[in-house]
Protein chains: 2
Amino acid sequence: MARTTTRRSPSAGSGRRNAGTKGVPRADREEQIVEVATEVFGTQGFAATSVGDIAERAGISKPLIYNYFGSKEGLLRACLHRAIEILAGEFERIARGDAVGLERALRTLEGTFVLLERQPWIWRLFFDPTIPRGEQGIAAELALYTDRFTALAEEGVGEMMRLAGNEDPRDVSALTAVWMSVADSLVTWWLDHPDETPASMTARCVRLFQLVLGATLPPGTTAD
Amino acid sequence: MARTTTRRSPSAGSGRRNAGTKGVPRADREEQIVEVATEVFGTQGFAATSVGDIAERAGISKPLIYNYFGSKEGLLRACLHRAIEILAGEFERIARGDAVGLERALRTLEGTFVLLERQPWIWRLFFDPTIPRGEQGIAAELALYTDRFTALAEEGVGEMMRLAGNEDPRDVSALTAVWMSVADSLVTWWLDHPDETPASMTARCVRLFQLVLGATLPPGTTAD
DNA sequence: CGGTGGTAACTTACCGCAGAGTCATATTGT
DNA sequence: ACAATATGACTCTGCGGTAAGTTACCACCG
């Protein structure tokens, strides 16, 4: 009745004129926010990023983020959760494959390139030095995640080193760190050369492996 | 004279009771502050660090920092300046040496380890993602510094690749990025294992080089 | 089909606090 | 006495976080 029309609140006082649902269900909105946040956290770092900035880029308001994620840390937690789902699954699939040694390394790189195409910053989340290292809260969770990576990488590296006759655990640890950093730097380099495709990156890696390691990779290793 | 005593201001209102020179000349104080700041910036990141925190750790007060460096960015600038002096000089010295290829790589690493002993965070300053990337101000200066590194590294990498028969400039560029990242990751790993010495780090690198590259390093390369 | 409440989706406006940067002032070596 | 060295106490901006209100969708009733 009149009420419907009468409810013309827009003018009432200085109320929230742009309020009201836009018909986006919570799950969709959450995913959208997490996507934006992951990019910003991953490129600028957690400490240097403000929640307001994320809200603005996502085209929504700050309180909505707090409604859904509780806190800035909660938002980061959600980003990490999504990222680990994306990455670890793929890496574990590769690890379960039958490739070993250098070929396994190359396959991992190849998978990484395909996976991180257009969203390389996901990787950076796990190595953000600005995440508060307070012994409680997010630090433990983060360690859990990175350990999942590291264990996988360390398994591969350790395997290769065993074949070569070195089993020093500290050497394995150091070489694993180097290997993960190599993958990281290649993704970063790719970011600076956007015209490269996952396939061309893989081909480049094959060339560089052959050059640096003097290795002969089996045919068919290069993506189509 | 009476005046000196009469001026007993300590009680006057709530004056600065701890003020007054402590006999430390400006240059010394500046160096001391820069040293502390470099450590904190390098480990926590620029954005996550507060000037007050630095002042407290240095045992002086915040205004003194602003007196000497003008701003937080100015302090960072001073840190970068000192760091580039320390690092670039050493790298250029190595580059001028007669080592080539893998041996030059190893000598660079060795020099880095010796140089960064007890202050590994210096290196991190140049790759801190939380430094404001505003096109003006510090970003340009930082780029200048990192370019100085990169040029040197690219020269070494390009030389090695030429010997191996690959002159693709993009391959050189990518491999240079990888190489610098390798050095970075080794320093980072060292940060997490503080009991390692420069010599033990170098020895480890020799082992890993031999293992991964199948290379035979000349004797005398290992630091005693 | 029209109305009508309940609730999920959104917002504006604000609070409190931490941190960058400043001012006026105090102390001491020379 | 004076310049250099130093600081307590302040302002102001920006950000994490919150309160309270607004709007749209939807299931249900008549």
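Here is how names work: the chains are called A, B, and so on, in the same order as the sequence lines, proteins then strands, and each is numbered from 1. Values in this document were obtained by computation on a predicted structure and should not be read as measured data.
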Test: A/Glu73 and A/Arg77 ion pair at under 4.0 Å: yes
Cationic N near anionic O, under 4.0 Å, B/Glu196 to B/Arg204: yes
Sugar-phosphate only, base, or nothing, as touched by B/Ser50 at under 4.0 Å among non-hydrogen atoms: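 Counting heavy atoms under 4.0 Å across all strands, the contact made by B/Ser50 is with sugar-phosphate only.
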Sugar-phosphate only, base, or nothing, as touched by B/Tyr68 at under 4.0 Å among non-hydrogen atoms: sugar-phosphate
Distance test, side-chain N/O of B/Ser61 to OP1/OP2 of D/dT7, below 4.0 Å: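 Yes, B/Ser61 has a side-chain N/O under 4.0 Å of OP1/OP2 on D/dT7.
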Phosphate contact (C/dA9 OP1 or OP2) by A/Arg29 side-chain N/O below 4.0 Å: no
What is the distance, to the nearest angstrom, from the [atom1] atom on [X] to the [atom2] atom on [N]?
| X | N | atom1 | atom2 | answer |
| --- | --- | --- | --- | --- |
| B/Ile65 | C/dG19 | CD1 | P | 14 Å |
| A/Lys22 | C/dT11 | NZ | P | 4 Å |
| A/Tyr66 | C/dG16 | OH | C1' | 13 Å |
| A/Leu75 | D/dC15 | CG | C1' | 15 Å |
| A/Asp28 | C/dC10 | CG | P | 10 Å |
| B/Asn67 | C/dA20 | CG | P | 17 Å |
| B/Phe69 | D/dT5 | CZ | P | 13 Å |
| A/Glu73 | D/dG17 | CD | C1' | 14 Å |

Any idea which of [options] is nearest the [X] side chain?
| X | options | answer |
| --- | --- | --- |
| A/Leu64 | C/dT28, D/dG8, C/dC10 | C/dC10 |
| B/Asn18 | D/dT7, C/dA20, C/dT11 | D/dT7 |
| B/Val51 | D/dG16, C/dA20, D/dG8 | C/dA20 |

Toward the 5' end of DNA chain C, by each residue's nearest nucleotide, A/Pro63 or A/Pro25: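 Here A/Pro25 is the residue nearer the 5' end.
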Upstream residue (5' side of DNA chain C) when B/Ser71 and B/Thr21 are each assigned their closest nucleotide: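 In this pair, the answer is B/Ser71.
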Base D/dG16 to side chain A/Lys62, donor-acceptor N/O within 3.5 Å cut-off: yes
Heavy-atom check, side chain of B/Arg93 versus side chain of B/Glu90, under 4.5 Å: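 B/Arg93 reaches B/Glu90 side chain to side chain.
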Heavy-atom side-chain proximity of B/Glu141 to B/Leu80 below 4.5 angstrom: no
Nearest heavy atoms of A/Val157 and A/Val172, plus distance in Å: CG1-O, 4.1 Å
